[in-house]
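These numbers were taken from a predicted model, which means no experiment stands behind them. For ligands, and for the atoms within them, numbers begin at 1 and follow the listed sequence.
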Amino acid sequence: KKAKDQLVIDAGQKHFGATVCKSCGMIYTASNPEDEMQHVQHHHRFLEGIKYVGWKKERVVAEFWDGKIVLVLPRDPSFAIKKVEDVQELVDNELGFQQVVPKCPNKIKTFLFISDEKRVVGCLIAEPIKQAFRVLSEPTGLQSPNSKECPRAWQCSDVPEPAVCGISRIWVFRLKRRKRIARRLVDTLRNCFMFGCFLSTDEIAFSDPTPDGKLFATKYCNT
Ligand code: ACO
Ligand code: ZN
């Protein structure tokens, strides 16, 4: 009882308690105007997707029959950065992640998959890393380096292994899944992350994968 009273005071609001939206899945506090605003915004983006108008000097790094991949770097114009932030917010809300502050914000590379309907339907956020820990609860899991040397049944390791590129987020708009958009994003990342070389799957690591993320990563790295 006492702890509950304390919580009310700490939160500084009369009504509290989480509401889960049945259509967009976001958890928010209905009595908190700021939360409600965020929900309305997320709800709309979740159902409609994020529009993409494009800009003159956009960096198109791959083109396909159903869309293209644009690379956004930290020093790009503010409208490009704003677009990336909008997408990241949608993704984080959907995954229920807290916003993660990157270690080296100016080394982040963001790849956006733009559909022919001019919507952002996929996003991959990558950063340089020096090491990864092999997390293998099943014979699937995090893809980290040296998989040739480690048997597949290897359980979680506390030995860091060298890696080059960490995928901190990968996401595809829910209506566009299973159309190889994630696969094409990772292919493009491997091609563009370091100038002049194509990264092997051993050199990339998926951070903190969700069940969807694990299924995708396992499949991707074995084919
Ligand atoms: N279940 C089983 N297999 C899957 C799944 C799944 N949900 N998703 C992908 N795969 C496998 C399949 O074998 C697929 O090939 P197939 O369709 O020919 O069978 C192969 O991976 C390639 O899949 P893509 O079509 O390229 O993947 P997609 O574009 O659908 O995107 C993603 C996959 C990004 C995981 C998507 O499901 C998603 O956005 N999920 C919600 C967000 C999320 O969980 N992201 C991962 C977070 S972890 C992280 O960010 C590091
Ligand atoms: Zn909603």
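With ligand atoms numbered from 1 in the order given, ligand 1 contributes 42 (C), 43 (C), 44 (O) to contacts under 4.0 Å with heavy atoms of Leu95. When each atom of ligand 1 is checked for a heavy atom of Lys179 under 4.0 Å away, the hits are 25 (O). Taking a cut-off of under 4.0 Å to the non-hydrogen atoms of Ile167, the atoms of ligand 1 that pass are 51 (C). Proximity to Ile181 (heavy-atom distance under 4.0 Å) selects the following atoms of ligand 1: 26 (O), 29 (O).
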Listed pairs under 3.5 Å, donor-acceptor, residues 113-125 side chains, sequence neighbours left out:
from: Ser115; atom 1: OG; to: Glu117; atom 2: N; distance (Å): 3.2
from: Ser115; atom 1: OG; to: Arg119; atom 2: N; distance (Å): 3.3
from: Glu117; atom 1: OE1; to: Lys176; atom 2: NZ; distance (Å): 3.2
from: Arg119; atom 1: NH1; to: Glu48; atom 2: O; distance (Å): 3.2

Anything under 3.5 Å between a donor and an acceptor, one on a side chain of residues 57-65, the other on a protein residue two or more places apart or in another chain? List them.
from: Glu58; atom 1: OE1; to: Tyr52; atom 2: OH; distance (Å): 2.4
from: Glu58; atom 1: OE1; to: Trp55; atom 2: N; distance (Å): 3.4
from: Glu58; atom 1: OE2; to: Lys68; atom 2: NZ; distance (Å): 2.8
from: Arg59; atom 1: NH1; to: Leu71; atom 2: O; distance (Å): 2.9
from: Arg59; atom 1: NH1; to: Asp76; atom 2: OD2; distance (Å): 2.9
from: Arg59; atom 1: NH2; to: Asp76; atom 2: OD1; distance (Å): 2.8

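Of the options Thr210, Val121, Ile170, Asn222, the smallest heavy-atom separation from atom 50 (O) of ligand 1 is shown by Ile170. For atom 41 (C) of ligand 1, the choice among Arg183, Arg174, Arg177, Arg180 with the nearest heavy atom turns out to be Arg177. Heavy-atom proximity to atom 4 (C) of ligand 1, evaluated over Lys219, Arg178, Arg169, is greatest for Arg178. Proximity annotation for atom 48 (S) of ligand 1: of Cys221, Pro209, Ala182, Gly122, Pro209 comes nearest, heavy atoms only.
At least one N/O-N/O distance between Asp212 and ligand 1 falls below 3.5 Å.
Shown here are the ring pair (Phe, Tyr, Trp, His ring centres under 6.0 Å) partners of Phe193, two or more places apart in sequence or in another chain: there are none.
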Show, in sequence, the C-alpha distance, side-chain angles and deciding distance for Arg184 and Asp66, and conclude whether the salt bridge (Lys or Arg N to Asp or Glu O under 4.0 Å) test is met. CA-CA 12 Å; Arg184 286 179 277 170; Asp66 57 345; 2.8 Å; yes
Between Leu73 and Lys109, does a side-chain contact (heavy atoms from CB on, under 4.5 Å) hold up when you go through it step by step? CA-CA 5 Å; Leu73 299 175; Lys109 290 188 165 77; 3.7 Å; yes
How far apart are the C-alpha atoms of Glu203 and Arg190, what are their side-chain angles, what is the distance that settles it, and do they pass the salt bridge (Lys or Arg N to Asp or Glu O under 4.0 Å) test? CA-CA 9 Å; Glu203 289 168 312; Arg190 289 168 65 194; over 6 Å; no
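Atoms CD and CG, on Glu127 and Asn106 in that order, are 11.5 Å from each other to the nearest 0.5 Å. Going from atom CG of Leu90 over to atom CH2 of Trp171 covers 5.0 Å, rounded to the nearest 0.5 Å.
Between Arg45 and Asp86, at least one side-chain nitrogen of the basic residue sits less than 4.0 Å from a carboxylate oxygen of the acidic one, meeting the salt-bridge criterion.
Heavy-atom minimum distance, Pro105 versus Pro74: O-CG, 3.3 Å.
The closest approach between a heavy atom of Trp171 and any atom of ligand 1 is below 4.0 Å.
Just one residue in the list Met37, Gln38, His39 forms a side chain to side chain contact (heavy atoms under 4.5 Å, CB included) with Tyr28, and that residue is His39.
Contact annotation for Ser168 and ligand 1: only backbone heavy atoms (N, CA, C, O) come within less than 4.0 Å of the ligand. Here Val91 has no heavy atoms under 4.0 Å from ligand 1, in either its backbone or its side chain.
Only protein N, O or S atoms were scored, and 4 of them lie under 2.8 Å from the Zn ion (ligand 2).
Without hydrogens or angle criteria, Thr210 side chain to Gly213 main chain gives a donor-acceptor distance under 3.5 Å.
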